[in-house]
Structure formats: C-alpha cells, structure tokens
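A quick write-up on the structure given underneath.
Throughout, protein chains are lettered first and strands after them, A, B, ... in sequence-line order, and every chain is numbered starting at 1.
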Amino acid sequence: MCGRYTVKTKDKKLAAQFQASLLESFDNHFNIAPTFRVPVVLMDTEKNERVLKRDYWGLVPYWAKNPKIAYQTTNARADTVSEKPSFKRAFKKTRCLIIMDGFFEWERSVTPKQPYYISMKDEQPFACAGLYETWKVRWEEDKRDIEKAEKTGKKPKAVKWPINLGGKNYNEGEELESCSIITTEPNPLMAKIHDRMPVIIDPKNYEVWLDPKMHDEGVLKTLLKPYTDTKMQCWPVSQVVNKVGDDDTENCIKEVKVQS
DNA sequence: CCAGACGTTGTT
DNA sequence: GTCTGG
DNA sequence: CCAGACGTTGTT
DNA sequence: GTCTGG
C-alpha cells in the first residue's frame, strides 16, 4: 500500500514547512509512482541540518548486486522493518521523512476498482516514515558474476549499463540514494477501503525520527502507528474534483482516471 | 501502485 | 552484509 | 559448510 | 502470469 501519491505543494514551501535546506529544486507532481525521484527530508550529519532532496523511490540496499530489488521495496512493513535484511540497517541509521500532500488507494472489493484520494482535512502536506540507503553501481562485479553463471551453465542475469534509474543514467562507481515508505495497519478511516496504510509521522516527532543518533528500537517503533483518523479525509477521486475544485487536483484526477 | 507489454524474421 | 535452508 | 535470498502488495 | 516503465 501507498504506491501512488501527490506532491502538489511547491518545493520552497515544503522546505519552509519542514525546516530543511532545499538542495535540489523540483516540480510538483500529481501522480507519483515507484521509481520516481521523490522529495525526502533527512539529516545532513556533517552540517547537522535538515535537507530536502530527491531520492529514487524503491530502496536498493547497499549490498544489492542489482537494483531490480527496488520494485518490491517501495514499502517496508512496520512490524518487521527492524529485522529484514533489506531494511534493518536503514531503520537503525538512515531514516527520513517522505513528503506528500495526499495519496491514492484503490478499493478492490468493488468492480471496477475504485480509486480514493486520502489527505489531511486541512489539506496541508504531511510526512511519512521513510528509510533511505546509498547503493553504488558495481558493473565490474556483475560481469564476474555473469561469467561465473555461464560456466556453471546457469542463465546469467543480464545487467544493462549504464543503468537508467529515475530518469538518470548511473555509470560504474556512481551512487544512487533510494528510499522506502513504511506501512502499518489501517486506522478506522482507511480500513473501509484497505488493510494497509503509510505511517504518517506527527510533526512533534520529526526530530526523534530523523535523529541519526537515535538507536532505541522501542522508541522508534512507538512512532510507527496508524495516524489519527479524525485529522484525515478520504474521498473517491470522482468526488475530490467537486469537493476541492482547484486546477491542480483536477489535473491529478484526470491523470489517475486515464491510468486506471 | 497501475498500465501495458509480452516476439522474430526479413524487408522497406 | 547477513540470514536461512539444505 | 555453501548457495541463494534478501520484498510488498494483492490475487489466485 | 510476470515483467517493465512510469
């Protein structure tokens, strides 16, 4: 869950709201999908300040041979995030906030499946609990693995190089920073349409979540709870246009309708 | 997450 | 890198 | 010990 | 069914 969302808010406004330095400007977008380079807030440990930058959506662990794994690491389950090999290091050391102003969810118990748009009642941007990792392109190692596979008569996994990820080419030795959104069980509002929801972090807990020195799993896990449903709203996308009526939302809805 | 492709040969 | 399965 | 996976969602 | 691209 949480595989599509919007960032309608301008980058400068987001930087101000989350008290972060804008490292890289970006355009707002109404239908963000995995593999996009999405805005995240994290701590720059050298300068000891929050930065707003863009990471590839789909976490590629630092040990990965092939970034393909990213297709299945757009989300991380809150209940197992501290144990899974793909996430445990990031959970301990490199947490981030993934910024959005609403997300889509498809109710599948009806035909055709019904898309909903979920946001805060005050329509303000909010932050989901995220993890990030840095991965380095190691084509030379891959080549050795392919040779090995050929010798043992197995089908080698073809790796294209340079690798294009999130609209950028990555060559040997280049680094990719990627991220994942943590999910949890739904609150009463979300439970009507789906059995998972993204973890939304309360602003008063941003500091703790982002602190690289915070290693207390117990404390961190208490933050991974379903967000207060009374602060949220959930509308079928066909009704969001009528309700909000602004151009941005309308564009967003059109795009979703075309694609669903 | 969803939408859309998914294949080869030879000829233009 | 680290864990699981054999 | 080595080899192979390492993930989530939803759907069957 | 399963993978890729967005």
Next on the checklist: Applying a 4.0 Å non-hydrogen cut-off, can you work out what A:A76 is touching in the nucleic acid: base, sugar-phosphate, or nothing?
Outcome noted: sugar-phosphate

Checklist entry - Over how many whole Å does the gap from A:F104 atom CZ to B:dC1 atom C1' extend? => result 11 Å

Checklist entry - Are A:W135 and A:Y170 close enough that their ring centres sit under 6.0 Å apart? => result no

Checklist entry - Counting only side-chain N and O atoms of A:K68, is one of them less than 4.0 Å from OP1 or OP2 of E:dT4? => result yes

Checklist entry - What integer distance in Å separates A:F36:CZ from E:dG6:C1'? => result 5 Å

Next on the checklist: Can you confirm whether the side chains of A:T183 and A:N75 place a donor and an acceptor under 3.5 Å from each other?
Outcome noted: no

Next on the checklist: From NE2 of A:H29 over to P of B:dC1, roughly how many Å is that when rounded to an integer?
Outcome noted: 19 Å

Next on the checklist: If the threshold is 4.0 Å, N to carboxylate O, is there a salt bridge linking A:K113 and A:E107?
Outcome noted: no

Checklist entry - For atom C1', what is the distance between B:dC1 and D:dT11, given to the nearest Å? => result 15 Å

Checklist entry - Using a cut-off of 4.0 Å on non-hydrogen atoms, how would the nucleic acid contact of A:Y5 be classed: base, sugar-phosphate, or nothing? => result nothing

Checklist outcome for this item: Ranking E:dG6, D:dC6, D:dT8 by distance to the side chain of A:T80, first place goes to D:dT8

Checklist entry - With respect to the side chain of A:K84, which nucleotide from D:dC6, B:dC1, D:dT8 is positioned closest? => result D:dT8

Next on the checklist: For A:F18 together with A:Y206, are the ring centres under 6.0 Å from each other?
Outcome noted: yes

Item to check | pi-stack flag for A:W63 and D:dC6, centroid dist under 5.5 Å, interplanar under 30° | outcome: yes

Item to check | A:R196 side chain near D:dT9 phosphate (N/O to OP1/OP2, under 4.0 Å) | outcome: yes

Checklist entry - Atom NZ of A:K88 to atom P of C:dT2: distance rounded to whole Å? => result 8 Å

Checklist entry - Which is true for A:R77 with a 4.0 Å heavy-atom rule: it touches a base, it touches only sugar-phosphate, or it touches nothing? => result sugar-phosphate

Item to check | Consecutive-pair stems (at least three Watson-Crick or G-U pairs, under 3.5 Å) that include DNA chain C | outcome: C:1-6 with D:1-6

Next on the checklist: Using atom P in both nucleotides, what's the gap between D:dA5 and E:dC3 to the nearest angstrom?
Outcome noted: 13 Å

Checklist entry - With rounding to whole Å, what would you report as the distance between D:dT9 and B:dC2 at their C1' atoms? => result 12 Å

Checklist entry - What is the distance from CE of A:M190 to C1' of B:dC1, rounded to the nearest Å? => result 13 Å

Checklist entry - How close or far is atom C1' of E:dG5 from atom CG of A:N31, stated in whole angstroms? => result 13 Å

Item to check | d(CD1, A:I69; C1', D:dG4) in whole Å | outcome: 12 Å

Checklist entry - So A:F104 and A:Y117, would you call those rings parallel, tilted or perpendicular, with 30° and 60° as cut-offs? => result tilted

Checklist entry - In terms of side-chain geometry, is the basic nitrogen of A:K53 or A:E177 positioned less than 4.0 Å from the acidic oxygen of its partner? => result yes

Next on the checklist: Which nucleotide wins on minimum distance to the side chain of A:K113, given the candidates B:dC2, D:dT9, E:dG6?
Outcome noted: B:dC2

Checklist entry - Rounded to the nearest 0.5 Å, how far apart are CD1 of A:I69 and OG of A:S86? => result 4.0 Å

Item to check | Of the listed nucleotides D:dT9, C:dG1, B:dC1, the one nearest the side chain of A:N75 | outcome: D:dT9

Checklist entry - Does the pair A:D211/A:K213 count as a salt bridge with the N-to-O cut at 4.0 Å? => result no

Next on the checklist: Using a heavy-atom cut-off of 4.0 Å across all strands, would you classify A:T35 as base, sugar-phosphate, or nothing?
Outcome noted: base

Checklist entry - Rounded to the nearest Å, what distance is computed from the CZ atom of residue A:R108 to the C1' atom of nucleotide D:dT8? => result 12 Å

Next on the checklist: Distance check, C1' atoms only: E:dT2 and D:dT8, in whole angstrom units.
Outcome noted: 16 Å

